[in-house]
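The chains referred to below are lettered A, B, ... by the order of the sequence lines, with proteins before strands, and numbering in each begins at 1. Since the model is a prediction, treat every value here as computed from it, not as a measurement. Basis for what follows: all heavy atoms, side chains included, without hydrogens, waters or symmetry-related copies.
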Protein chains: 2
Amino acid sequence: MEPLNPASQTDRLAAILERLKAKGLRLTPQRLAIVKAVLAHPGHPTVEQIHREILNDYPTTSLATVYKTVALLKAEGEILELGFGEQGSRYDGLRPRPHPHMICSRCGEILDLELDDLDDIVARFAASTGYAVDSHRFDVFGVCPRCRESG
Amino acid sequence: MEPLNPASQTDRLAAILERLKAKGLRLTPQRLAIVKAVLAHPGHPTVEQIHREILNDYPTTSLATVYKTVALLKAEGEILELGFGEQGSRYDGLRPRPHPHMICSRCGEILDLELDDLDDIVARFAASTGYAVDSHRFDVFGVCPRCRESG
DNA sequence: ATAAATGCAAAGACTTTGCAGGTAC
DNA sequence: GTACCTGCAAAGTCTTTGCATTTAT
C-alpha cells in the first residue's frame with residue numbers, strides 16, 4: 001500500500017468538494033468538517049468517532065447529520081463503508097477502492113491488506129454469475145499478536 | 001460447489017448433535033429444531049427466517065432462544081455468520097467453512113462462489129501480519145441479471 | 001428568495017439481557 | 001435433584017426519519 005502523503009490528501013479533499021459542488025450539493029461547514037475528518041483519520045472510523053472529532057471544530061454538529069452526510073458520501077462513491085464492527089459500521093475515506101482487511105476480534109485493530117489479484121478475482125466472479133459488480137468486501141478475522149501475548 | 005445430498009446432511013446433523021452432547025450441552029427440542037432448520041435451509045437464513053420455520057413444529061419457541069442458540073452454534077463453529085443484510089445477520093449451516101458470496105443489492109439474492117486459492121491467500125495474510133486467523137468473509141456486491149433486466 | 005441542510009427528538013430495527021419458571025440429564 | 005435452558009419483556013445499540021428552523025447559493 002503506497003504511503004499517503006499530506007499533499008495527496010489535500011488534493012483528494014479538493015477533488016471531493018469539487019465533485020459535490022458539481023452535483024449541486026451544498027458545502028456546509030458540517031460537511032466540510034466531516035469530509036476532512038474522514039480523510040484525516042488514519043484508521044477506519046465509526047460514525048461516533050467522526051462525530052467526536054468534529055465536535056472540536058463544530059460543537060453543534062449533530063450525530064444525525066454525520067449519519068446523513070456519511071450516507072451521502074457513500075452514495076457518491078467518495079468513501080467506503082466497511083460494514084463490520086460491534087459498535088457500528090466503519091468507514092474508509094482514504095482508499096475508496098475496496099481492499100482486504102485484517103481485523104482483531106479481541107481489540108478491534110484493523111490492518112489494511114494488499115492483494116494484487118483481487119480485481120481479477122472479482123472480475124471472474126462477475127463473469128461467471130452475470131452480476132454487474134459494484135463493490136466487494138474481503139475481511140479476515142483473527143487475534144493480533146499483541147492480544148495473543150496478553151491473553 | 002459440490003451438490004449437497006440429503007444423506008450428508010443427515011450425517012452432519014448427527015455429528016453436530018454428537019459434538020454438542022459431548023460438550024455437556026443439552027439437546028432441547030428447540031435446539032434440535034433450530035439446527036435442523038439451519039441445515040435444511042437452502043440459502044442463508046436470517047434469525048427471523050429460522051424462527052418462522054421452527055414455529056411450524058414448535059410454536060412456542062421464542063425469538064430470544066433462536067438468537068441464543070444461533071450464537072451458541074456459531075461459537076461452537078457449527079454454523080457461519082455471514083453478517084450482512086439489511087434485515088439482520090445471515091447464517092450458513094451447510095458449509096461452515098467460509099466461502100465467497102455474490103450478493104444482489106437490489107433483491108438480496110445470495111450466490112455461493114468458489115475460489116480454490118482462498119485458503120492460501122488467507123494463510124499468506126496470516127503469515128505477513130502475525131495474526132492468528134479464525135475466519136474470513138469475502139462478499140461481492142452487485143446487481144443480478146434478473147434485477148438488471150427489470151430495472 | 002428558496003430549495004436544501006441542520007438539529008432535535010422520536011421512532012425503528014436488530015439484538016441482548018435479567019429473571020422466574022421449566023426441563024434434560 | 002440440579003444445573004442448564006426457555007420465554008417473556010424490558011433494555012440496549014446503532015441508525016433512520018419527521019419536521020421546524022437555519023443557511024448556502
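- Here A:S62 pairs with A:A64, A:T65 under the side-chain contact (heavy atoms from CB on, under 4.5 Å) rule; sequence neighbours left out.
- Atom CD of A:E48 and atom P of D:dT15 are 9 Å apart (whole Å).
- No continuous path of ILVMFWY side-chain contacts below 4.5 Å connects A:V143 to B:F125, so the two sit in separate hydrophobic clusters.
- The B:Y67 side chain lies nearest to C:dT16 when the options are C:dT16, C:dA5, D:dT6.
- Rounded to whole Å, the distance from NZ on B:K74 to C1' on C:dT15 is 12 Å.
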Give every pair of a protein N or O atom and an N or O atom of nucleotides 21-24 of chain C that lie under 3.5 Å apart, one pair per line with the distance.
{"unit_1": "C:dA24", "atom_1": "N3", "unit_2": "B:R26", "atom_2": "NH1", "d": "3.4"}

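- With distances taken from any side-chain atom of B:K68 to the nucleotides D:dC5, C:dC8, C:dC19, the minimum falls on C:dC19.
- Atom CG in A:L63 sits roughly 15 Å away from atom P in D:dT17 (whole-Å rounding).
- In this structure, the CG atom of B:L25 is 11 Å from the C1' atom of D:dC5, given to the nearest Å.
- Contact annotation: A:T61 side-chain N/O to C:dT6 OP1/OP2 distance is not under 4.0 Å.
- If you take CG of A:L32 and C1' of D:dT23, they are 15 Å apart, rounded to a whole angstrom.
- Taking atom CZ on A:R31 and atom P on D:dA24, their separation rounds to 11 Å, with Å as the unit.
- Cluster annotation: A:L32 and A:L55 are assigned to distinct hydrophobic clusters (Ile/Leu/Val/Met/Phe/Trp/Tyr, side-chain heavy-atom contacts under 4.5 Å, transitive).
- Side chains of B:D139 and A:H136: no donor on one and acceptor on the other come within 3.5 Å.
- As judged by a 4.0 angstrom heavy-atom cut-off over every strand, A:T46 is placed among residues making no nucleic acid contact.
- For the OP1/OP2 pair of D:dG7 and a distance below 4.0 Å, the side-chain nitrogens and oxygens of B:T65 include at least one atom meeting the criterion.
- Between the CD atom of B:Q49 and the C1' atom of C:dC14 there is a distance of 14 Å, rounded to whole Å.
- Atom-to-atom, CD1 of A:I50 to C1' of D:dT15 comes out at 14 Å; the value is rounded to the nearest Å.
- Among B:E81, B:Q49, B:H44, the one residue that satisfies the side-chain hydrogen bond (donor to acceptor under 3.5 Å, both in side chains) test with B:Y91 is B:E81.
- Side-chain N or O atoms of B:R148 include one that pairs as donor or acceptor with a backbone N or O of A:G130 at under 3.5 Å.
- Salt bridge status for A:E76 with A:R19: absent, with no side-chain N to carboxylate O gap under 4.0 Å.
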